[in-house]
Every structure is written in C-alpha cells, then in structure tokens.
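This report concerns only the one structure given below.
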2 protein chains.
Amino acid sequence: MPILRIDLGSPTPVYRQIVDSLRALLVNGAFAPGARLPTVREVAIDLGVNHNTVAEAYRLLAEEGWLDLKRYHGATVLQRPPQQAEPARQEDFVQRLRELAARAIADGVDKEEVAQLLGALAEDLKQSKKEIL
Amino acid sequence: MPILRIDLGSPTPVYRQIVDSLRALLVNGAFAPGARLPTVREVAIDLGVNHNTVAEAYRLLAEEGWLDLKRYHGATVLQRPPQQAEPARQEDFVQRLRELAARAIADGVDKEEVAQLLGALAEDLKQSKKEIL
DNA sequence: GTATATTGTCTGGATACACTATACAATATG
DNA sequence: CATATTGTATAGTGTATCCAGACAATATAC
C-alpha cells in the first residue's frame, strides 16, 4: 500500500498530484525533520511512472523548503520555517475552497455532508494547533 | 468589474478556471433557471482571452447539465436535477480539501484562520440548506 | 581498498494540451 | 431584406508533460 495514490486519468499532472499529497503529509507532520523520503525511483515504481516525474515533484518541494535534495544521498525532510502569508493567499484559499465545495455538491454529495466534512477538518486543525502549545 | 476573475499565470488552464468559478456561482444559485449568461465573446473580451477558450468552458458546463447551449441563441441556465454521488466522490473531496488546506497553511496562513474559514463555509452551507426547506 | 550499486540530475525527444486565429452558417435584429 | 450576432469547426503554434537513457559522485559490500 503506497503512501501516495494518484490518478493517472486526472487532468492535473502527475508530478503536481505528488507535490500536493506529499505537501499535505508534510504539513501534518507525517515525517519528522531529518527523516529520509523514499527515493525517486522507489516512488516511481510504486506509482507506475517514470522516475523523472517524481524527481520533478521532489524538486518543487525542495524549492518550497520542505526537502533537502542531495545527489547520491536522497531526499531528507527539513525543518521548514513558517512563512509569512501575503493577504492575497487567504482570498485565494477561500475562492478555491468555495469552488471545491461547489463541485462536490454538484457531483451529488449532500450539502450537509459537505458542511460536516468541512467542520470536521476545522476541528482537526484546531486540535493540532493545541498539540503544539 | 467582471463576475469572473481568472489568473492567466496559474498552472490550471483558463477554461478550467472559468468552469470552476462559474460552477460555484451556479451551485450558489446566482443565476436563476432561464437566465441568459453573457455570450462567449463578451466573457472573452472581459477576461482578455480568445472566445474559443470561453466556449470550451461553456461546453463543459453544458455537459454537466448546467447550461443549454444553442447556436445563434446563447447560453441559458438550466434547472439541473440533483446528481447521485458515487462514494468515491466524497473521499476525493476530503483528500482535495486536505491538500488545499495544507497549501494554505504552507503558504503562511495561520492554522486557526484556516479552521475559521472552513467553519464559516460550513455554516453558510447549513444556512443555505435551511432556506430551501 | 576496490568493485558495484545507488542516487538525483541532465539531455533529448515524443506526444498531448491550451490557446489562438480565422472562417462558417443559421438565427436575431433593424 | 440586409446586417449583426451567436456558438461551432478547423488549423496552426507554442508549451507542458512525461518518458527513455546516459551520467557521475557517493554509498555500500566484500
């Protein structure tokens, strides 16, 4: 059971899917700083894609400050300093959030269910906030 | 001030951005069934893109059942029957939701703020549910 | 200490995609 | 009846995505 699961038929490119799901894991603290991520070839075989596709994803995550990517060494997780958000990021998030919820509803997911799932994630975030304190 | 705002520099293609934001408006009931949407050329000029790009977006929305797209007549909003969600849609929504929230947090938006925004949208949805009843 | 395996990177190429330019034809409009 | 308007169809262009294969320094096994 691979850590990552991607959809080869999705319109969003594979390397971006990898970035998105890995980033979610990293934000959640699924990997401790200093931990080694599986090699690009391991992930590639796991997902059934070329290793260059995974390498591109790792490169983007390294640019974001999540990974230390060294040749012959592999990818190690970094302790990433918190970023300073520009105000536009928040509006952007809200718009995408609305669009995402709208598509779920359009696809037939019940409004109440969507609301419930949103609330659940909100609770999760509040909890994880407390854990740090 | 155009109804739609898109980002020409975004990795997500313009026609898909149009679909996503228009769908959000349609789900929210911003357009009554029978209403006429602006023509593809109007929207195109508004956004500074070719009208074929807008036409592609309208076509996708018509496929989803939102629009009645008739040549020489324009695009009219349909009363769309509610869909029956496959179970996978819900998991998909949750994963994308997590990824979206993770990126906002990674970009520096505070966790509590993200949680607050999620909760706010959840409340909105519950309210709009009640309105129908 | 030496040979081999492992690692992310680089180059090149094939294919698909996003977007544009332009023409089209039936309907609306005056 | 003449003209403007509408979504559509076709062709072309630049770019993005993904793959194949080679590369070189390090890590690993003996």
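Here is the naming used below: chain letters follow the sequence lines, and residue numbers restart at 1 for every chain.
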DNA chain D contacts made by residues 10-22 of chain A, counting heavy atoms under 4.0 Å: A:P13, A:V14, A:Y15, A:R16

For the OG atom of A:S10 and the CG atom of B:D92, what is their distance to the nearest 0.5 Å? 8.5 Å

For residues 26-38 of chain A, pull every pair meeting side chain to side chain donor-acceptor pair (under 3.5 Å), keeping only residues two or more places apart or in separate chains. none

Rounded to whole Å, the CG-C1' distance (B:L61 to D:dG7) equals 15 Å

Return all side-chain donor-acceptor pairs below 3.5 angstrom for residues 47-55 of chain B, not counting sequence neighbours, or 'none' if the list is empty.
from  : atom 1 : to    : atom 2 : distance (Å)
B:N50 : OD1    : B:N52 : N      : 2.8
B:N50 : OD1    : B:N52 : ND2    : 3.1

When rounded to whole Å, the CD to P distance for the pair B:E56 and D:dT8 reads 10 Å

D:dC19 C1' sits how many Å from A:I45 CD1, rounded? 15 Å

Identify the residue among A:R80, A:R89, A:R23 that makes a salt bridge (charged side-chain N to carboxylate O under 4.0 Å, His left out) with B:D107. A:R89

Using a 4.0 Å heavy-atom cut-off to protein, can you give one letter per nucleotide of nucleotides 2-16 of chain C, 5' to 3': B if the base is in contact, S if only the sugar-phosphate is, - if neither? -----BBBB------

Cluster check A:V27, A:L4: I/L/V/M/F/W/Y, side chain < 4.5 angstrom: yes

Can you see if the side chain of A:T53 gets near the phosphate of D:dT17 - specifically, an N or O under 4.0 Å from OP1 or OP2? no

Sort out for me which residue in A:T76, A:L37, A:L67 forms a side-chain contact (heavy atoms from CB on, under 4.5 Å) with A:F31. A:L37

Do B:W66 and B:L60 land in one hydrophobic cluster if side-chain heavy atoms of ILVMFWY residues count as linked below 4.5 Å? yes

Are A:I45 and A:L8 linked, directly or through intermediate hydrophobic residues, by side-chain heavy-atom contacts shorter than 4.5 Å (ILVMFWY only)? no

At what angle, to 10 degrees, do the two end axes of the helix from C:dG1-D:dC30 to C:dG30-D:dC1 meet, given five pairs define each axis? 30°

Separation of A:T12 OG1 from A:D20 CG (nearest 0.5 Å): 7.0 Å

Side-chain donor/acceptor pairs under 3.5 Å, residues 94-103 of chain B, sequence neighbours excluded:
from  : atom 1 : to    : atom 2 : distance (Å)
B:Q95 : NE2    : B:E99 : OE2    : 3.1

Using whole Å, report how far CG of A:L8 lies from P of D:dC19. 8 Å

Hey, are A:E112 and B:K126 close enough for a salt bridge, meaning a charged N less than 4.0 Å from a carboxylate O? no

